[in-house]
2 protein chains.
Amino acid sequence: MDRTQLQNSFEAYFNELGYDIDWQRLTVPMDVHVICKGDYLFQQGDFANRLYFLHSGLVRYVSVSDEGKEFTQTFAKSPRIIGSTKAMVTETRVLFGIQALEDSMVSSYTWQAFYAQMRHDIGFLECYAKFLERIFIVKEERENAFVKHSAERRYLDFCAAYPELKDSIPQQQIASYIGITPVALSRIRQKLKLSRG
Amino acid sequence: MDRTQLQNSFEAYFNELGYDIDWQRLTVPMDVHVICKGDYLFQQGDFANRLYFLHSGLVRYVSVSDEGKEFTQTFAKSPRIIGSTKAMVTETRVLFGIQALEDSMVSSYTWQAFYAQMRHDIGFLECYAKFLERIFIVKEERENAFVKHSAERRYLDFCAAYPELKDSIPQQQIASYIGITPVALSRIRQKLKLSRG
DNA sequence: AGAAGGAGTTAACTTAGGTTAATTCCTTCT
DNA sequence: AGAAGGAATTAACCTAAGTTAACTCCTTCT
């Protein structure tokens, strides 16, 4: 797969966000990574100050608490920008790892180089702003769900939002995404099964 | 207060974000609003597709659940951009109201006009991106807190993050910000008082 | 000064979800 | 085929936080 083909993925992504721009203009040095199912693109605590683009596959952002419990922050399906905005922007260690849930292909760019080109190409910068708007809105919805909705409701919303994941990923990961234990999720599923007759 | 003075507030804000730019270039039509303590800049459910800048004062974002319970999503202190990113970008109704906790002064711009100028001024667009990065990171930290930390820990973190608010705003609002009831917060405070001796 | 209303506290009771552990059911490995 | 390890379920018990309600302070209003 050559660079031209890879960069077409960007266009697919930004078209979805309602934006049309020629990503072949991107000349920043690029690395390509193939990550097998189960492996990590980077681990929590690394300095992951790169911007990644997920060309194919599916990943999750996994964060481990002080007590050693795993939480899934995000499921990300290609095509999509992935990585830690916070780690890039503040030059700190990442607070989560990225694990492949399917074999995945990723290109990467140093944040410095990517940012430098964006600063001189208002189209790219606009794309970046649209990306930030999108991920902010998703986080805001998630905050809303945690504060206002029960675990049962969060599970139902998850199933509606990710119908294709609902049956193809381990329930533990779904539980950790909606902020409960696998045991609690199992109880909720049991209850729903009964109430559906 | 004239426009020049007001626009200087923008500079104070973006300086804090590590960015130096002359906001006197902003020529978009501006409205000025004075909101008294307790009043709302806009209500949940409005079409609040404006960008606001809080020049002085303190506000909170308040969201009411289907069951009629109030949640405080954000406390915002001047100088700062305020408003609903989601409502502006997706042209939907706002999911929260903005209430003044002190008498406040706000300028406002239609999103369309503001965006149009940004698209032709890469400096403004970069500021906007920095603003989005910042609010995203805050939301991400909040998500993290809800999933990983106890209510007690969230309260202590709130006190550390907003020492000046801790004693000057009603406890109900603090409780609703950390996602618990006033009764539960009162219990936590009692427990902390005892354990401090 | 007295009344009214809101904010915070405290107590009693309920409930959702955490914890631990046993059991079953799958894969996968040899 | 049998063993081993992980995933989900179920049950029993525990804890944090919600709910309701009574009580105490404060303001603020007349």
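Numbers restart at 1 for each chain; the letters A, B, ... are given by sequence-line order, proteins then strands. In this text the structure is predicted, and so the values were computed from the model without any measurement.
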Tell me if the centroids of the rings in [X] and [Y] come within less than 6.0 Å of each other.
{"X": "A/Y128", "Y": "A/F114", "value": "no"}
{"X": "A/F71", "Y": "A/Y61", "value": "no"}
{"X": "B/Y19", "Y": "B/F14", "value": "no"}

Exercise. Can A/R3 and A/Q24 be counted as having a side-chain donor-acceptor contact under 3.5 angstrom?
Worked result: no

Quickly work out the [X] [atom1] to [N] [atom2] distance and round it to whole Å.
{"X": "B/L194", "N": "C/dT9", "atom1": "CG", "atom2": "C1'", "result": "13 Å"}
{"X": "B/R189", "N": "C/dA7", "atom1": "CZ", "atom2": "P", "result": "15 Å"}
{"X": "B/Q172", "N": "D/dG18", "atom1": "CD", "atom2": "C1'", "result": "16 Å"}
{"X": "A/I174", "N": "D/dA7", "atom1": "CD1", "atom2": "C1'", "result": "12 Å"}
{"X": "A/K37", "N": "C/dT28", "atom1": "NZ", "atom2": "C1'", "result": "13 Å"}
{"X": "B/Q171", "N": "C/dT10", "atom1": "CD", "atom2": "P", "result": "11 Å"}

Exercise. So how far off straight is the helix from C/dA1-D/dT30 to C/dT30-D/dA1, going by the axes through five pairs at either end, to 10°?
Worked result: 30°

Exercise. Counting only N and O atoms by type, is there a donor-acceptor contact under 3.5 Å from the side chain of A/S176 to the main-chain atoms of A/T72?
Worked result: yes

Problem set entry | Per-nucleotide protein contact string for nucleotides 14-26 of chain C (B base, S sugar-phosphate only, - none; heavy atom under 4.0 Å) | ---BBBB------

Problem set entry | Charged tip of A/R142 within 45° of B/F146 ring normal and under 6.0 Å | no

I'd like a list of close polar pairs between nucleotides 22-27 of chain D and the protein, N/O only, cut-off under 3.5 Å.
none

Problem set entry | Qualifying residue for salt bridge (Lys or Arg N to Asp or Glu O under 4.0 Å) with B/K86, from A/E141, A/E143, A/E133 | A/E141

For this session: Under 4.0 Å between any heavy atoms, over every strand shown, what does B/P170 touch: base, sugar-phosphate, or nothing? Just pick one.
Result: sugar-phosphate

